[in-house]
Amino acid sequence: MKIGIIGAGAAGLATAFDLSSNGHKVVVYESAPFIGGQASTIPVGGGPLERGYHHLFTNDSAIIGLMADLGIGDKLKWYPSRVGTYTSGKVYKTTTPLDLLRLSALPFKDRIKLGLFALRVKRIKDWRSLEDQTADYWLREHLGGMAYEKMWAPLLKGKFGEYYDQIGMPWFWSKIQTRFASRQGIRGREVLGYPDGSFDTVFDRLKSVIESQDGEIHLSTPVVRVEVVDGVAKALIVQPEGGDEARNEFDCVLSTVPSFSFPDLVDLPDDYLSRLTGVHYLAAVVVILEMSRPLTNIYWMNIADSDVPFLGLIEQTNMLPKEWYGGSNVLYIANYLDREDELFKMSRDELVDLYLPHLTKFNPEFNRSWIRAIHYNAVSAAQPIIGTNYSKVIPDHRTPVQRLYLANTTQIYPEDRGTNYSIRMGRELAAMIQDDEKQAWRNWR
Ligand SMILES: Cc1cc2nc3c(=O)[nH]c(=O)nc-3n(C[C@H](O)[C@H](O)[C@H](O)COP(=O)(O)OP(=O)(O)OC[C@H]3O[C@@H](n4cnc5c(N)ncnc54)[C@H](O)[C@@H]3O)c2cc1C
């Protein structure tokens with residue numbers, strides 16, 4: 001088979017790896033001049049750093065398995081992480097269950113409630129029983145009080161903005177499962193994974209193996225159209241940067257582009273189209289500071305305070321060695337924003353001017369002179385908003401156009417999106433495509 005793949009992120013490359021390993025010809029087209037999609041890197045202090053902070057959890061078995069298959073399992077290392085929460089004008093350590101008991105921002109009974117509540121959610125095995133309720137409703141009903149209002153509500157509002165009360169409860173359930181899985185030992189200390197040499201290690205290895213198996217990866221080559229003949233995907237029309245438009249025929253096509261841009265590539269019937277347009281995405285806007293001093297000693301800082309104009313602070317060098325970044329302390333200032341939000345429209349410098357005065361809340365000594373360099377990244381399809389009863393409307397991987405598949409982050413459910421799940425999905429798609437071919441494409445819906 002000859003398969004055309006649109007997108008060289010985690011999903012597209014995982015599919016290309018499995019298909020090329022089984023002797024199929026894969027041709028991957030990527031609009032950006034780099035591979036890795038949302039998990040790609042930029043040079044920071046001479047070392048590669050993800051455009052948006054990235055780490056793995058211990059139950060991320062798909063990416064752990066893929067790294068083993070690629071012969072780079074030994075490159076994944078585990079690090080203790082330190083988690084904090086900023087609330088009521090103060091930073092609280094919230095790494096372990098014991099920290100929660102000491103969280104003086106809450107009355108003692110609410111601290112106990114908070115801990116027991118997380119255990120209760122963790123014990124729920126069947127997320128389907130939660131599907132018809134929003135996280136906001138469920139948390140109000142089953143936790144409520146100060147514990148919800150001070151801890152979870154600001155986090156939900158910070159992460160999802162005006163959509164906070166639409167998020168289905170399975171999202172919250174899956175977050176709790178993941179975080180518990182990454183806790184170790186009786187003290188419940190969290191460990192997080194990170195590949196030596198950044199996530200580039202995984203993507204670079206995928207690329208070299210795919211190419212060694214006669215696969216092709218074309219960068220700066222957006223697909224502009226899927227050609228469909230008699231209801232069957234036949235060819236991809238590509239527009240290489242600085243080159244002429246070209247047409248290439250395939251036995252089948254996999255698209256990994258976001259749901260909002262897929263309809264630009266192909267005409268789709270209303271029912272399927274409405275499933276795609278029914279999912280709204282938030283963009284991630286990330287400012288990265290290279291600094292001469294650390295801001296805090298926390299790796300992951302949740303901001304549960306609506307007066308602070310960002311959602312989280314991730315201090316990379318509080319988990320990983322600063323020598324990897326030329327000796328600088330690396331701080332991400334993160335926000336998830338609607339693309340209509342005024343903060344999304346701000347320039348890098350406007351955002352920096354807005355954010356910096358708030359950093360003294362985390363360290364009163366913070367001074368602008370600590371900053372050695374500033375980077376800015378915006379990812380438009382960063383976080384799909386997944387509402388209630390989503391299993392009933394999730395778009396099928398087999399699209400209404402025969403031999404045209406779709407695999408993007410809106411099809412990851414009930415888990416929240418992540419490299420692990422895009423890889424799992426990409427490998428599932430490789431199996432599905434091969435199975436469909438064996439069935440002479442008869443099992444198309
Ligand atoms: C700020 C941030 C933090 C994150 N943190 C983590 C984390 O800690 N751990 C974790 O595991 N995950 C994390 N994620 C999520 C993770 O990065 C993504 O879920 C995953 O990388 C998505 O992979 P994908 O292949 O499904 O999609 P993408 O990475 O979006 O890949 C799709 C690719 O298609 C390309 N494309 C689009 N249109 C076209 C076209 N017309 N022609 C050709 N190519 C096209 C795009 O350029 C892109 O490369 C984070 C994401 C963000 C934004």
Side-chain angles (χ1 to χ4, degrees), residues 4-16 27-41 49-57 59-60 62-64 66 76 81 159 175 178-179 182 192-195 198-199 202-203 206 217-226 236-241 253-266 281-288 299-300 310-312 314 316 319 332-337 377-384 406-412 415-427 429:
I5 297 178
I6 313 175
L13 291 180
T15 310
V27 183
V28 184
Y29 297 106
E30 169 56 55
S31 53
F34 48 81
I35 58 172
Q38 294 180 45
S40 57
T41 63
L49 178 82
E50 288 69 29
R51 289 182 159 75
Y53 43 92
H54 271 71
H55 55 243
L56 296 174
F57 295 100
N59 65 344
D60 280 341
I63 189 165
I64 295 169
L66 176 72
L76 180 57
S81 91
K159 173 120 190 175
K175 280 281 169 207
T178 314
R179 291 225 91 109
S182 267
L192 297 175
Y194 191 81
S198 84
F199 278 66
V202 183
F203 294 116
L206 275 168
I217 300 174
H218 299 275
L219 301 182
S220 303
T221 308
V223 170
V224 291
R225 196 73 195 155
V226 179
L236 291 177
I237 315 298
V238 298
Q239 177 63 73
E241 205 177 286
V253 167
L254 166 66
S255 169
T256 68
V257 310
S259 290
F260 56 77
S261 49
F262 188 51
D264 297 340
L265 304 183
V266 64
Y281 286 85
L282 290 180
V285 172
V286 181
V287 170
I288 303 170
Y299 166 66
W300 183 277
F310 43 82
L311 163 69
I314 297 94
Q316 182 90 348
M319 188 168 87
Y332 288 98
I333 308 177
N335 244 335
Y336 284 95
L337 300 170
N377 297 302
V379 181
S380 61
Q383 177 70 53
L406 177 68
N408 69 29
T409 55
T410 69
Q411 292 159 298
I412 293 164
E415 300 90 353
D416 193 16
R417 55 72 173 134
T419 51
N420 179 66
Y421 301 106
S422 285
I423 284 168
R424 183 182 74 185
M425 179 170 61
R427 299 192 90 173
L429 260 291

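Whatever order the structure lists them in is the order used to number ligands and atoms, beginning at 1.
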Does ligand 1 have a heavy atom under 4.0 Å from the side chain of Tyr53, from its backbone, from both, or from neither? both
Residue Pro222 vicinity, atoms of ligand 1 by number, heavy atom under 4.0 Å: 42 (N), 43 (C)
Looking only at atom types and distance, does a side-chain atom of Gln38 sit under 3.5 Å from a main-chain N or O of Gly9, one as donor and one as acceptor? no
Are any side-chain N or O atoms of Gln239 and backbone N or O atoms of Val224, one a donor and one an acceptor, separated by less than 3.5 Å? no
Atom 2 (C) of ligand 1: the protein heavy-atom neighbour that sits closest, reported with distance to 0.1 Å: Tyr336 OH, 3.8 Å
Checking Ser198 against Glu50 for the side-chain contact (heavy atoms from CB on, under 4.5 Å) test, could you report, in this order, the C-alpha distance in whole Å, the side-chain angles of both residues, the deciding distance, and whether it holds? CA-CA 7 Å; Ser198 84; Glu50 288 69 29; 3.3 Å; yes
Test of understanding: given a 4.0 Å heavy-atom threshold, classify the contact between Ser422 and ligand 1 as side chain, backbone, both, or neither. side chain
Considering non-hydrogen atoms of the protein only, which is the closest contact for atom 34 (O) of ligand 1, and what is the distance? Gly7 CA, 3.3 Å
Can you check whether His54 has an N/O within less than 3.5 Å of an N/O in ligand 1? yes
Considering only non-hydrogen protein atoms, determine which one is nearest to atom 49 (O) of ligand 1 and report residue, atom name and distance to 0.1 Å. Glu30 OE1, 2.6 Å
Please write down residue, atom name and distance for the protein heavy atom closest to atom 19 (O) of ligand 1. Gly418 N, 3.4 Å
Ignoring hydrogens, just give me the one of Gln383, Arg417, Glu50 whose non-hydrogen atom is nearest atom 52 (C) of ligand 1. Arg417
May I ask you to check whether Val286 has an N/O atom sitting below 3.5 Å from an N/O atom of ligand 1? no
Below 3.5 angstrom, do we get any N/O pair linking His55 and ligand 1? yes
Nearest 0.5 Å, what's the CG-CD1 distance between Leu236 and Ile6? 5.0 Å
Any N or O of Gln38 that comes nearer than 3.5 Å to an N or O of ligand 1? yes
Any N or O of Ala10 closer than 3.5 Å to N or O of ligand 1: yes
With side-chain contact (heavy atoms from CB on, under 4.5 Å) as the criterion, how do Leu192 and Tyr299 come out once you've worked through the C-alpha distance, each side chain's angles and the decisive distance to 0.1 Å? CA-CA 11 Å; Leu192 297 175; Tyr299 166 66; 3.5 Å; yes
Which residues satisfy the ring pair (Phe, Tyr, Trp, His ring centres under 6.0 Å) test with Tyr53, sequence neighbours excluded? Trp300, Tyr332
What is the distance from atom CD1 of Ile64 to atom CG of Asn420, rounded to the nearest 0.5 Å? 7.0 Å
Would one find an N or O of Val223, backbone or side chain, under 3.5 Å from an N or O of ligand 1? yes
Suppose I only count heavy atoms of Tyr29 and a 4.0 Å limit; which atoms of ligand 1 are within that range? 43 (C), 44 (N)
Find the distance between CG (Leu49) and CD (Gln316) and round it off to the nearest 0.5 Å. 5.0 Å
Can you pull out the closest protein heavy atom to atom 12 (N) of ligand 1? Residue, atom name and distance to 0.1 Å, please. Thr419 N, 3.3 Å
Hey, does Asn408 sit under 4.0 Å from ligand 1 if you only count heavy atoms? no
Between Arg225 and Asp264 (side chain of the first, backbone of the second, donor and acceptor by atom type, cut-off under 3.5 Å), is there such a pair? yes
Partner of Leu206 under side-chain contact (heavy atoms from CB on, under 4.5 Å), chosen from Val28, Ile35, Leu13: Leu13
Which of the ligand 1 atoms, numbered from 1, are nearer than 4.0 Å to a heavy atom of Ala382: 53 (C)
The one among Gly426, Ser31, Gly52 that brings a heavy atom closest to atom 1 (C) of ligand 1: Gly52
Would you call the rings of Phe199 and Tyr194 parallel, tilted or perpendicular, taking 30° and 60° as the class edges? perpendicular
With no hydrogens and no angle check, is any side-chain donor or acceptor of Thr221 less than 3.5 Å from a backbone partner on Leu219? yes
Report the part of Phe203 (side chain from C-beta onward, or backbone N, CA, C, O) that has a heavy atom under 4.0 Å from ligand 1; answer both or neither where that applies. neither
Distance col, row Lys175:NZ vs Phe57:CZ, nearest 0.5 angstrom, shows 6.0 Å
Among protein heavy atoms, which lies nearest atom 37 (C) of ligand 1, and at what distance? Val257 CG1, 3.6 Å
Checking a contact table here: which protein heavy atom is nearest atom 31 (O) of ligand 1, and how many Å away? Gly9 CA, 3.7 Å
What do you reckon, does Tyr421 put a non-hydrogen atom under 4.0 Å from ligand 1? no
Work out which heavy atom in Ala284 is nearest to a heavy atom in Tyr336; give both atom names and the distance. CB-CE2, 3.8 Å
